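Just so it is clear, the structure is predicted and the values come from calculations on it, not from any experiment. Throughout, protein chains are lettered first and strands after them, A, B, ... in sequence-line order, and every chain is numbered starting at 1.
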Amino acid sequence: AQSVAQPEDQVNVAEGNPLTVKCTYSVSGNPYLFWYVQYPNRGLQFLLKYITGDNLVKGSYGFEAEFNKSQTSFHLKKPSALVSDSALYFCAVRPPFSGGYQKVTFGTGTKLQVIP
Amino acid sequence: DAMVIQNPRYQVTQFGKPVTLSCSQTLNHNVMYWYQQKSSQAPKLLFHYYDKDFNNEADTPDNFQSRRPNTSFCFLDIRSPGLGDAAMYLCATSRDSQIGYEQYFGPGTRLTVT
């Protein structure tokens with residue numbers, strides 16, 4: 001069975017500093033990996049995904065993530081945090097295609113707080 | 001802009017009184033999902049439609065039903081809401097459910113049960 005772990009419930013970072021939100025996964029084969037962001041009282045918004053190819057994926061709003069197969073990680077990063085980045089971040093995994101429906105599993109979420 | 005729309009944004013219902021939440025999409029995606037989210041927890045998948053094919057999650061209570069009359073619309077029916085059903089309900093769409101397509105979420109409907 002697949003799983004996703006976001007080890008930090010909350011990450012605090014000063015505005016202008018680099019930020020990292022951690023995600024590790026467990027799934028057989030080469031997974032599809034996603035990051036979503038959720039602002040208060042809103043739905044989830046897609047940030048970026050890894051399907052195949054370059055391990056460094058660039059997404060919306062200056063975010064990027066690095067797929068590390070040996071460490072089974074897909075950490076979200078941004079070189080310089082903004083106060084407006086403060087939100088709830090979800091990592092998600094879908095197993096590789098093997099025919100039929102493939103369920104997406106979401107992590108428990110990490111609250112990012114950017115301090116002015 | 002193409003998008004996923006949910007109505008209403010806030011819904012208050014009484015204990016045991018049926019309620020229907022609606023979702024529409026202009027993305028022309030094949031797949032539509034309904035999630036339940038409580039207190040900033042991970043979204044919990046209730047069911048999804050692939051075109052007209054309905055797929056229920058094993059642990060979704062019978063109290064929750066869904067209808068998809070056409071590609072654009074999907075409804076979530078809660079037949080007899082309990083206090084434990086108070087949550088944010090998220091509708092999402094994707095082009096496909098089998099490979100690496102991301103999901104597009106609506107803004108959610110926050111359900112309060114009194």
Nearest 0.5 angstrom please: A:Leu44 CG to B:Glu102 CD, how far?
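Reported value, rounded in 0.5 Å steps: 13.0 Å.
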Pairwise distance CZ(A:Phe46) to OG(B:Ser94) - rounded to 0.5 angstrom:
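Result: 11.5 Å between the selected atoms.
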Contacting region of A:Gln6 [heavy-atom separation from chain B under 4.5 Å]
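For A:Gln6, neither part sits under 4.5 Å from chain B.
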Of the backbone (N, CA, C, O) and the side chain (C-beta and beyond), which part of A:Tyr36 lies under 4.5 Å from a heavy atom of chain B, both, or neither?
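For A:Tyr36, side-chain heavy atoms alone lie under 4.5 Å from chain B.
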With a strict 4.5 Å heavy-atom criterion, list every residue of residues 105-113 of chain A that contacts chain B, or say none.
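Hits under 4.5 Å: A:Phe106, A:Gly107, A:Thr108.
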Tell me the residues of residues 60-86 of chain A whose non-hydrogen atoms fall below 4.5 Å from those of chain B, in number order.
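The residues closer than 4.5 Å to chain B amount to none at all.
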Exercise: identify the closest heavy-atom pair between B:Pro43 and A:Phe90
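Distance-wise, the nearest heavy atoms are CD-CE2, 4.1 Å.
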Quick one: do [X] and [Y] end up in the same hydrophobic cluster if we chain Ile, Leu, Val, Met, Phe, Trp and Tyr together by side-chain heavy atoms under 4.5 Å apart?
X: A:Leu47; Y: A:Tyr39; value: yes
X: B:Trp34; Y: B:Tyr50; value: no
X: A:Val104; Y: B:Leu45; value: yes
X: A:Leu33; Y: A:Ile51; value: no
X: A:Leu56; Y: A:Val93; value: no

With a cut-off of 6.0 Å (strictly less than), are more than 12 heavy atoms of other residues, nucleotides or ligands near CG of B:Asp51?
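For B:Asp51, atom CG is crowded (more than 12 foreign heavy atoms under 6.0 Å).
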Does atom NZ of B:Lys17 have more than 12 heavy-atom neighbours, drawn from other residues, nucleotides or ligands, at distances under 6.0 Å?
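Count not over threshold, so no.
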Could you tell me which residues in residues 103-114 of chain B have at least one non-hydrogen atom under 4.5 Å from a non-hydrogen atom of chain A, sorted by residue number?
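At a heavy-atom separation under 4.5 Å, chain A is reached by B:Gln103, B:Phe105, B:Gly106, B:Pro107, B:Arg110.
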Sort by residue number and list every member of residues 83-93 of chain B having a non-hydrogen atom under 4.5 Å from chain A.
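Counting heavy atoms that sit under 4.5 Å from chain A, the residues of residues 83-93 of chain B involved are B:Met88, B:Leu90.
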Side chain proximity check, B:His48 to A:Lys103, heavy atoms < 4.5 angstrom
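No, their side chains stay 4.5 Å or more apart.
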